[in-house]
Amino acid sequence: MNADVHARFIHVEKSYDQSLKVVDDLDLEVYRGEFLTLLGPSGSGKTTCLMMLAGFETPSAGVIEINDHAVQNIPPHKRNIGIVFQNYALFPHLSVAKNLSFPLEVRGFSKTDLEEKVASALELVQLQGFGDRKPSQLSGGQQQRVAIARALVYEPDMVLMDEPLGALDRRLREEMQFEIRRIQKQIGVTMVYVTHDQQEAMVLSDRIAVFESGKIQQIAPPEALYEEPTEVFVSGFFGENNKLFGTLTAIEKDKDTCIVEIADQEVQAVPIGDLEVGSEVQVVVRPERVKILWEDEQFSNQFEAKIDDIVFLGDHLRLVVSVLDSDDFLIKIPNIAGHGRVLPGDGVTIGWAQLDCRAILPKQPNST
């Protein structure tokens with residue numbers, strides 16, 4: 001990924017009532033040619049950030065730069081940005097080709113250039129031969145491809161997408177995720193993408209910025225966010241995590257290991273952040289990292305548990321167990337021959353590695 005900064009937010013704030021900050025002191029860099037996803041729940045500020053970058057919203061404070069130039073006073077149509085919305089925003093009375101040619105016409109392209117660029121954009125989204133159709137004659141996935149082609153047809157420096165797959169069914173969403181990824185990698189354009197769907201973010205992104213309450217809680221590549229969350233909110237929002245609460249009783253000198261007392265038992269974990277002995281901490285471990293110990297396997301964390309429920313989910317089984325004072329502890333095991341060895345009500349020994357377990361300070365009630 002090119003480390004050249006394409007866009008930059010510097011201490012950006014946005015408030016609509018001069019009280020509640022929808023975006024709060026945001027610093028963010030978007031690298032040229034990367035696929036950056038803004039991920040978070042509704043109301044977390046991610047779409048407002050996208051709209052400020054596009055020019056449809058004005059920051060209450062701070063500076064937004066594109067190519068090292070402040071853009072607060074530059075209107076949207078002069079920022080050379082393509083935009084794709086959830087509802088497609090196609091002109092229903094115009095053909096596909098006319099929908100694509102419209103942004104070229106308003107920019108003064110010649111007829112020859114216009115025809116070449118429309119044909120090239122349709123080929124990019126694999127809709128050759130669809131130019132004469134109206135949007136109503138297309139499927140939802142095809143309409144979204146047209147919307148993407150329209151955003152790319154005039155070769156913008158950057159493309160912004162706001163929940164573009166939200167109106168599609170699950171199968172089409174998954175297809176379009178890989179299609180968008182293919183297009184972005186093929187042409188190398190900078191893309192900033194807004195979604196609340198964690199899986200979608202993981203499929204598409206070079207980096208993901210996780211938003212909560214107008215702030216970025218963590219920004220990192222998908223694997224780093226999943227494997228190494230540094231904030232309690234990120235560990236819970238980005239993928240499933242088991243959460244256990246206890247008291248930190250020891251930290252090894254090398255800082256790579258700590259001991260947390262939970263239900264009179266010791267759990268070994270990786271300490272995250274500025275932890276002190278005696279602190280109340282939250283311990284998190286992914287359900288797929290927890291194993292049922294059948295024979296002579298040994299883990300640094302091993303505990304007796306009772307299986308309360310088993311749910312069949314095709315490629316894996318989802319077990320709910322009681323362990324360490326938790327009655328909703330999850331385990332995911334592959335759906336392979338022999339899974340019938342466990343049944344609801346069974347007592348089992350479970351375990352997980354210390355490196356798969358992280359101790360984090362819980363978020364304080366008055367923190368923002």
J.: Does the Lys NZ or Arg CZ of Lys14 fall within the cation-pi geometry relative to Tyr16 - under 6.0 Å from the ring centre and within 45° of the axis?
T.: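 Ring-cation test returns yes.
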J.: Would you say the side-chain atoms of Glu65 pair up with the backbone N or O of Ile10, donor to acceptor, closer than 3.5 Å?
T.: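 Absent.
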J.: Are more than 12 heavy atoms from other residues, nucleotides or ligands located less than 6.0 Å from atom CG of Asp132?
T.: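 For Asp132, atom CG is not crowded (no more than 12 foreign heavy atoms under 6.0 Å).
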J.: Check whether any side-chain heavy atom of Glu280 lies under 4.5 Å from a side-chain heavy atom of Pro362, and answer yes or no.
T.: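 Not touching, per the 4.5 Å side-chain cut-off.
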J.: Run the salt-bridge test on Asp308 and Lys306 with the 4.0 Å N-O cut-off and return the result as yes or no.
T.: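 Looking at Asp308 and Lys306, the cut-off is met.
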J.: Using modelled atom types and a 3.5 Å cut-off, is there a donor and acceptor pairing between side-chain atoms of Asp24 and backbone atoms of Lys21?
T.: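 Checking the backbone N and O of Lys21 against the side chain of Asp24, no donor-acceptor pair under 3.5 Å is found.
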J.: Examine distances only and state if a side-chain atom of Gln354 and a backbone atom of Ala269 form a donor-acceptor pair shorter than 3.5 Å.
T.: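 Judged by distance alone, yes, a pair lies under 3.5 Å.
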J.: What do you reckon, is CD of Glu266 surrounded by more than 12 foreign heavy atoms closer than 6.0 Å?
T.: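 No, not enclosed.
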J.: Specify whether Phe56 and Phe85 have parallel, tilted or perpendicular ring planes, treating 30° as the upper limit for parallel and 60° as the lower limit for perpendicular.
T.: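 The arrangement is tilted - the two ring planes meet at 30° to 60°.
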J.: Would a distance-only check, ignoring hydrogens and angles, find a side-chain to backbone donor-acceptor pair under 3.5 Å from Asp17 to Leu20?
T.: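 Here the side-chain-to-backbone pair exists.
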J.: Would you say that Arg318 contacts Leu330 through its side chain, given a criterion of any heavy-atom pair below 4.5 Å between the two side chains?
T.: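 Result yes, sub-4.5 Å side-chain heavy-atom pair found.
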J.: Is it true that Arg286 and Glu227 have a side-chain N and a carboxylate O under 4.0 angstrom from each other?
T.: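 Result for this pair is no, no salt bridge flagged.
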J.: Can you confirm whether Lys332 is buried at NZ, in the sense that more than 12 heavy atoms of other residues, nucleotides or ligands lie under 6.0 Å from that atom?
T.: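 Atom NZ in Lys332 is crowded, with more than 12 foreign heavy atoms closer than 6.0 Å.
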J.: Do Arg207 and Thr37 have side chains that approach each other closer than 4.5 Å (heavy atoms only, starting at C-beta)?
T.: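 No, too far: nothing below the 4.5 Å cut-off.
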J.: Answer yes or no: is there an ion pair linking Glu228 with Arg358, defined by an N-O contact shorter than 4.0 Å?
T.: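 Salt bridge flag = no for Arg358 with Glu228.
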J.: Closer than 3.5 angstrom, by distance alone: can the side chain of Gln143 be matched with the main-chain N or O of Leu138 as a donor-acceptor pair?
T.: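 Answer holds: yes.
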J.: So Trp352 and Phe303, would you call those rings parallel, tilted or perpendicular, with 30° and 60° as cut-offs?
T.: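 The arrangement is tilted - the two ring planes meet at 30° to 60°.
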J.: Any heavy-atom pair between the side chains of Ile360 and Val284 that's under 4.5 Å?
T.: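 Counting from C-beta outward, Val284 and Ile360 do come under 4.5 Å.
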J.: Using the six-membered ring wherever Trp is involved, compare the ring planes of Phe91 and His93 and label them parallel, tilted or perpendicular (cut-offs 30° and 60°).
T.: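 The arrangement is perpendicular - the two ring planes meet at more than 60°.
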J.: Mark yes when over 12 heavy atoms from residues, nucleotides or ligands other than Phe178 sit less than 6.0 Å from its CZ; otherwise mark no.
T.: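 For Phe178, atom CZ is not crowded (no more than 12 foreign heavy atoms under 6.0 Å).
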J.: Keeping Tyr154 on the side-chain end and Asn80 on the backbone end, is there a donor-acceptor pair under 3.5 Å?
T.: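 Here the side-chain-to-backbone pair does not exist.
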J.: Does any N or O in the side chain of Arg150 come within less than 3.5 Å of the main-chain N or O of Leu100, such that one atom is a donor and the other an acceptor?
T.: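 Such a contact is absent between Arg150 side chain and Leu100 backbone.
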J.: Under 3.5 Å, is there a donor-acceptor pair between the side chain of Ser120 and the main chain of Glu116?
T.: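 Absent.
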J.: Are the charged groups of Glu200 and Arg173 less than 4.0 angstrom apart, N to O?
T.: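 Salt bridge present between Glu200 and Arg173.
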J.: With distance as the sole test, does Asn241 use its side chain to make a donor-acceptor pair with the main-chain N or O of Ser235 at under 3.5 Å?
T.: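 Here the side-chain-to-backbone pair exists.
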J.: Give a yes or no on whether a salt bridge exists between Lys243 and Asp328, defined as a side-chain N under 4.0 angstrom from a carboxylate O.
T.: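 Salt bridge flag = no for Asp328 with Lys243.
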J.: Would you check if Gln126 and Glu179 make a side-chain contact, meaning some heavy-atom pair closer than 4.5 Å?
T.: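 They are in contact (side-chain heavy atoms under 4.5 Å apart), so the answer is yes.
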J.: Hey, is the main chain of Val203 close enough, under 3.5 Å, to the side chain of Arg181 for a donor-acceptor pair?
T.: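 A pair under 3.5 Å: yes.
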J.: Minimum heavy-atom separation for Leu53 to Ala7, with atom names?
T.: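 That closest heavy-atom pairing would be CD1-CB, 4.0 Å.
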J.: Got more than 12 heavy atoms from elsewhere within 6.0 Å of CD, Glu223?
T.: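 Count not over threshold, so no.
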J.: Please determine, by modelled atom types, if Thr349 and Glu304 share a side-chain donor-acceptor pair under 3.5 angstrom.
T.: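 There is such a pair between these side chains.
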J.: Answer yes or no: is there a side-chain heavy-atom contact under 4.5 Å between Phe35 and Ile180?
T.: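 Yes - at least one pair of side-chain heavy atoms lies under 4.5 Å apart.
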J.: To the closest 0.5 Å, what do you measure between CG (Leu38) and SG (Cys49)?
T.: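 Leu38 CG to Cys49 SG: 6.5 Å, rounded to 0.5 Å.
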J.: I'd like to check Phe237 versus Leu39 (side-chain heavy atoms, cut-off strictly below 4.5 Å). Are they in contact?
T.: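 With C-beta onward as the side chain, the pair touches.
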J.: Should the pair Arg133 and Phe130 be classed as cation-pi, given the thresholds of under 6.0 Å to the six-membered ring centre and 45° from the axis?
T.: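 Yes, Arg133 and Phe130 form such a contact.
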J.: Between atom CD1 of Ile333 and atom CG of Leu313, what is the distance when rounded to the nearest 0.5 Å?
T.: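 If we round to the nearest 0.5 Å, Ile333:CD1 and Leu313:CG are 11.0 Å apart.
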J.: State, yes or no, whether a side-chain contact exists between Leu28 and Ile216 at a heavy-atom distance under 4.5 Å.
T.: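 Counting from C-beta outward, Leu28 and Ile216 do come under 4.5 Å.
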